Amino acid sequence: MYVDLDMKMIVKDESSHSHENETESVRNKKLFSNQLKRKCEDELERPSKIINTEIQKNPEQAKLFNGTDINNIYQCLYRSRRSSYPALPKSISEVIELMTNRKITTIENEDFLLDVDSTHNILFYSTISNLKLLC
């Protein structure tokens, strides 16, 4: 889109919208999917349980969906949930680096990761009080 120097008039418009208008059912499916996506990010329930609960609440909405639509919603919910978690480490050196930077404590506020041997790629998990009980 091109406008004049004063930015008051459109001089040339090269945008073309040749797609069809969405039907009411497509809009309802998108709305339903987006609502579930927000719920999935906020709640700890499994996505399948969230979908089933919402379908039971709105049985008339369930008539709009076929098996492929439900499968797409499942995938969408799992994708949105995965995006809120950090990526898994790709190598053992990344695991060692992540664990050395992370402070892991018990309920009694004791360090749980006692030592990291990066040369042999070994992580030592225990607490001082547990080691004293063994001796």
Side-chain angles (χ1 to χ4, degrees):
M1 184 179 291
Y2 298 96
V3 293
D4 63 353
L5 292 174
D6 298 331
M7 294 186 158
K8 296 188 180 197
M9 259 181 51
I10 297 174
V11 178
K12 189 177 180 184
D13 187 5
E14 294 179 351
S15 62
S16 63
H17 294 281
S18 59
H19 59 85
E20 297 176 12
N21 290 335
E22 287 182 340
T23 63
E24 185 72 24
S25 67
V26 171
R27 277 193 294 261
N28 288 338
K29 287 177 186 180
K30 285 183 180 180
L31 179 65
F32 186 73
S33 176
N34 288 335
Q35 289 171 344
L36 291 179
K37 207 175 353 176
R38 272 187 239 107
K39 272 192 178 182
C40 189
E41 291 169 357
D42 295 340
E43 297 178 10
L44 296 176
E45 292 288 336
R46 291 186 331 265
S48 59
K49 187 167 186 175
I50 291 172
I51 291 172
N52 291 334
T53 304
E54 286 301 312
I55 286 176
Q56 287 175 354
K57 285 181 187 175
N58 304 317
E60 69 280 348
Q61 193 119 35
K63 296 174 186 170
L64 298 173
F65 300 108
N66 59 28
T68 305
D69 295 331
I70 298 294
N71 188 26
N72 289 340
I73 292 172
Y74 278 123
Q75 290 176 7
C76 179
L77 297 184
Y78 280 110
R79 247 191 328 269
S80 71
R81 182 162 284 174
R82 269 195 313 268
S83 69
S84 63
Y85 294 118
L88 293 174
K90 303 281 188 246
S91 66
I92 190 72
S93 60
E94 284 184 31
V95 172
I96 298 289
E97 182 183 337
L98 285 171
M99 296 311 290
T100 54
N101 295 335
R102 183 174 263 180
K103 176 121 173 95
I104 302 172
T105 58
T106 63
I107 295 172
E108 289 84 22
N109 208 23
E110 290 183 276
D111 286 336
F112 187 61
L113 180 62
L114 286 182
D115 192 25
V116 177
D117 184 0
S118 56
T119 56
H120 296 101
N121 296 327
I122 299 174
L123 302 171
F124 298 100
Y125 290 100
S126 187
T127 62
I128 298 293
S129 58
N130 283 346
L131 292 177
K132 286 180 182 176
L133 285 173
L134 289 174
C135 296

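We use all heavy atoms of the structure for the numbers below, so side chains are in, but hydrogens, waters and symmetry mates are not. Since this is a predicted model, take the numbers as computed values, not measurements.
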Peer 1: Tell me whether L113 shares a hydrophobic cluster with V95, the cluster being built from Ile, Leu, Val, Met, Phe, Trp, Tyr side chains joined at under 4.5 Å.
Peer 2: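 Yes; V95 is reachable from L113 via cluster members.
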Peer 1: Please report the C-alpha distance between R38 and E41 in whole Å, then the side-chain angles of each, then the deciding distance to 0.1 Å, and finally whether the salt bridge (charged side-chain N to carboxylate O under 4.0 Å, His left out) criterion is met.
Peer 2: CA-CA 5 Å; R38 272 187 239 107; E41 291 169 357; over 6 Å; no
Peer 1: Minimum heavy-atom separation for T127 and D111, please, with both atom names.
Peer 2: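 That would be CG2-O, 3.6 Å.
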Peer 1: Between CZ of F32 and CG of N28, what distance do you get to the nearest 0.5 Å?
Peer 2: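 Rounded to the nearest 0.5 Å, the CZ-CG separation comes to 10.5 Å.
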Peer 1: Looking at every heavy atom in both P47 and R81, which two are closest together, and how far apart are they?
Peer 2: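 Answer, listing the atom of P47 first, then R81: CD-NH1, 3.6 Å.
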Peer 1: Please check if the side chain of T53 supplies one atom and the backbone of K49 the other of a donor-acceptor pair under 3.5 Å.
Peer 2: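 Judged by distance alone, yes, a pair lies under 3.5 Å.
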Peer 1: Can you name the nearest heavy-atom pair linking M99 to L123, along with the distance?
Peer 2: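 Looks like CG-CD1, 3.9 Å.
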Peer 1: Is it true that I104 and I107 fall in one hydrophobic cluster, defined by side-chain heavy atoms closer than 4.5 Å?
Peer 2: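 In one cluster with I104: I107, no.
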Peer 1: Can you give me the closest heavy-atom contact between I122 and I96, atom names plus distance?
Peer 2: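 That would be N-CD1, 4.4 Å.
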Peer 1: If every non-hydrogen atom of C40 is compared with every non-hydrogen atom of L77, which pair is closest and at what distance?
Peer 2: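 Shortest heavy-atom contact: SG-O, 3.7 Å.
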Peer 1: Please find the pair of heavy atoms, one from E94 and one from P89, that lie closest to each other, and give the distance.
Peer 2: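 Shortest heavy-atom contact: OE1-CA, 3.4 Å.
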Peer 1: Is the backbone of G67 close enough, under 3.5 Å, to the side chain of N71 for a donor and an acceptor to pair up by distance?
Peer 2: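 Checked: no pair found.
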Peer 1: Examine distances only and state if a side-chain atom of D117 and a backbone atom of T119 form a donor-acceptor pair shorter than 3.5 Å.
Peer 2: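 Yes; at least one donor-acceptor contact below 3.5 Å.
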Peer 1: Do the side chain of N34 and the main chain of L31 share a donor and acceptor less than 3.5 angstrom apart?
Peer 2: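 Side chain of N34 to backbone of L31, a donor-acceptor pair under 3.5 Å: no, none is there.
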Peer 1: Determine whether more than 12 heavy atoms belonging to other residues, nucleotides or ligands lie under 6.0 Å from atom CD of E97.
Peer 2: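 Result for CD/E97: open.
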Peer 1: Would you compute the distance between atom CD1 of I73 and atom NZ of K29 and round it to the nearest 0.5 angstrom?
Peer 2: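 The distance works out to 8.5 Å.
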